[in-house]
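Working notes, structure below.
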Amino acid sequence: MAANNQKGTILLYVSHYESIRQLSLEQKGQLLDYIFLYAKGEEFVINDPVLEMAFSFIKERMDYCASKYDDIIEKRREAGRRHRGNQYSRVTLEQMEQMEQNGTNGTNGTNGTDNVSVNVNENGNGNENDKEKEKEKEKENKKRKVFTPPTVHDVQAYCQERHNGIDAEYFIDFYSSKGWKVGDAPMKDWKAAVRTWEKRNGYHIADNSRRNPEITGLRLGVGEYIDNDGNRRYSPTLPPVPMDAPPRPDNESVFSKETNSWIPTGI
């Protein structure tokens with residue numbers, strides 16, 4: 001009998017010893033010689049019936065390992081033909097042993113039913129696909145507009161452009177304390193937030209300016225706005241401010257009708 005072991009490896013198991021325990025040392029030596037001859041594919045004849053039976057147990061396992069190894073090699077070759085240039089992990093002796101030890105006598109506890117996990121990528125490009133997905137994700141992230149919090153000057157300029165009287169410093173402080181989030185979601189457009197404040201707080205400057213020519217060109221100060229009734233205000237609870245009053249200089253000033261001017265709160 002002869003076999004052709006192309007992988008150049010012989011796997012022997014401790015369980016084999018039970019079938020040769022009662023053999024003499026000479027018989028064991030002859031058996032080992034037969035194992036090597038069979039693995040090398042050389043012809044030989046076993047005349048001893050006892051040795052022939054012992055060898056049959058070991059030969060069965062050798063044939064099984066060789067067939068699984070051939071299956072792995074063929075899968076790798078097929079994957080390589082479909083996807084040239086990819087590199088695969090070499091199936092080592094340790095991996096072969098691990099596959100054999102996953103179940104009982106090389107199987108997963110079934111009667112000869114092989115269920116060996118072979119670590120060969122059928123698509124041949126699993127790692128390449130992961131890299132491509134990562135690259136696409138990076139490109140997508142770069143395409144997305146990255147939000148940059150505005151400065152006080154940015155908000156102030158936009159609010160003056162819209163004549164809404166929103167306090168830019170208060171706006172910045174408010175959203176800074178919230179981590180620049182609208183609810184639980186990160187803010188995407190701070191100008192949209194300004195317009196939302198206008199609607200929520202009744203700051204409809206542009207509309208009132210068009211409806212009432214008398215306030216066209218009116219210069220509003222810090223925190224000032226025109227309410228829905230056309231009154232100039234800086235607080236919903238304090239009296240309106242005359243249209244001809246100077247702009248409010250800062251967020252701490254209140255209007256005095258006696259002096260027709262803005263005075264610091266502490267005075």
Side-chain angles (χ1 to χ4, degrees), residues 1-140:
M1 59 184 68
N4 186 7
N5 183 5
Q6 296 182 358
K7 67 178 183 296
T9 302
I10 300 175
L11 295 179
L12 295 178
Y13 298 92
V14 176
S15 60
H16 292 157
Y17 189 70
E18 295 302 320
S19 62
I20 65 172
R21 180 187 292 271
Q22 302 301 325
L23 299 180
S24 65
L25 291 178
E26 182 180 356
Q27 289 176 314
K28 291 176 182 177
Q30 290 177 343
L31 180 61
L32 182 62
D33 190 50
Y34 294 148
I35 291 173
F36 277 105
L37 290 174
Y38 184 72
K40 293 176 64 178
E42 297 185 14
E43 296 289 341
F44 63 94
V45 177
I46 302 177
N47 296 320
D48 188 335
V50 176
L51 287 180
E52 186 174 7
M53 179 176 294
F55 178 76
S56 66
F57 295 130
I58 299 175
K59 173 182 175 296
E60 180 181 359
R61 182 56 48 208
M62 291 176 65
D63 292 342
Y64 173 81
C65 293
S67 65
K68 299 311 298 181
Y69 181 84
D70 291 340
D71 289 343
I72 293 172
I73 295 300
E74 182 57 32
K75 287 182 179 180
R76 291 176 60 191
R77 287 173 179 169
E78 180 63 25
R81 285 192 290 268
R82 291 197 301 263
H83 303 278
R84 293 295 181 186
N86 292 322
Q87 296 180 349
Y88 305 94
S89 299
R90 181 181 177 183
V91 179
T92 63
L93 173 61
E94 290 77 11
Q95 290 173 323
M96 288 287 293
E97 291 177 342
Q98 184 61 44
M99 287 188 287
E100 289 297 315
Q101 295 300 325
N102 280 339
T104 303
N105 293 330
T107 63
N108 283 340
T110 58
N111 292 328
T113 302
D114 298 335
N115 188 18
V116 179
S117 175
V118 181
N119 189 22
V120 176
N121 191 326
E122 292 294 340
N123 293 327
N125 61 346
N127 293 335
E128 294 297 328
N129 283 341
D130 292 341
K131 292 179 181 178
E132 289 298 326
K133 289 180 181 179
E134 289 296 328
K135 290 181 180 179
E136 290 297 328
K137 189 179 294 184
E138 290 178 5
K139 291 180 181 178
E140 191 65 25

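Starting from 1, each residue takes its place in the sequence as its number.
- Atoms CE and CG, on M53 and D48 in that order, are 10.5 Å from each other to the nearest 0.5 Å.
- Taken from OG in S24 to CG in L51, the straight-line distance is 7.5 Å, to the nearest 0.5 Å.
- Taking CG of D33 as the start and CD of E42 as the end, the distance is 9.0 Å to the nearest 0.5 Å.
- Put simply, CG on L31 and CD1 on I58 are 4.5 Å apart, with the number rounded to the nearest 0.5 Å.
- Within 6.0 Å of the CD atom in E60, the count of heavy atoms belonging to other residues, nucleotides or ligands does not exceed 12.
- The side-chain tip of R61 points at the ring of Y64 from less than 6.0 angstrom away and within 45° of straight on.
- The CD atom of Q27 sits 15.0 Å away from the CZ atom of F55 when rounded to the nearest 0.5 Å.
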Fill in: Residues D63, Y38; criterion side-chain contact (heavy atoms from CB on, under 4.5 Å); working and verdict
CA-CA 10 Å; D63 292 342; Y38 184 72; 2.7 Å; yes
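- Residues K28 and Y17 are in side-chain contact: their nearest non-hydrogen atoms beyond the backbone lie under 4.5 Å apart.
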